[in-house]
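Below: the structure, in structure tokens.
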Amino acid sequence: DRLCAATIMLMEALHGQEHKYDYAVVGHSGESDAISFVDFGRPPRDRKTRLQVIRQMYSHAVFCTSGDNTVPALVKGIQAVSADE
């Protein structure tokens with residue numbers, strides 16, 4: 001719940017700031033080290049789309065298998081951000 005609340009606050013705060021900030025929302029679980037919820041350059045444009053992102057996050061958390069992909073997720077995240085610079 002806290003992660004989804006933080007994601008909502010982030011998306012709301014950055015709404016209308018697309019000219020200044022580019023962001024992606026990517027998760028990880030026991031099934032994958034990179035689950036894309038929001039792609040770079042494609043932020044949710046309205047509240048309905050932001051709600052869909054949160055619903056996807058909850059849905060994945062409910063149905064994913066157990067496991068840990070934290071370190072591989074960190075590596076992929078660093079590579080993705082470094083590639084854009």
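The shown structure was predicted, so the numbers you read here are calculated from the model rather than taken from an experiment.
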Open item on the list: Let me confirm one number: the OG-CD distance from Ser36 to Gln56, rounded to the nearest 0.5 Å.
Closed with: 9.0 Å

Open item on the list: Quick one, Arg50 and Arg45 - any side-chain contact, counting heavy atoms below 4.5 Å?
Closed with: no

- [ ] Share the residues that join Tyr58 in a hydrophobic cluster, the rule being Ile, Leu, Val, Met, Phe, Trp or Tyr side chains under 4.5 Å apart at the heavy-atom level.
- [x] Leu3, Ile8, Leu10, Met11, Leu14, Tyr21, Tyr23, Val25, Ile35, Phe37, Val38, Val53, Ile54, Met57

Open item on the list: When you measure from the side chain of Asn69 to the backbone of Ser29, do you find a donor-acceptor pair of N or O atoms at a distance under 3.5 Å?
Closed with: yes

Open item on the list: Check whether Ser82 reaches the backbone of Ile78 with its side chain - one donor and one acceptor, N or O, closer than 3.5 Å.
Closed with: yes

Task: Connected-component partners of Phe63 among ILVMFWY, side-chain separation under 4.5 Å - done: Val62

Task: Check: Asp39 side chain, Arg42 main-chain N or O, donor-acceptor pair, under 3.5 Å - done: no

Task: Name of the residue among Glu12, Gln52, His15 meeting side chain to side chain contact (heavy atoms under 4.5 Å, CB included) with Arg47 - done: Glu12

Task: Check: Gly41 main-chain N/O paired with Asp22 side-chain donor or acceptor under 3.5 Å - done: yes

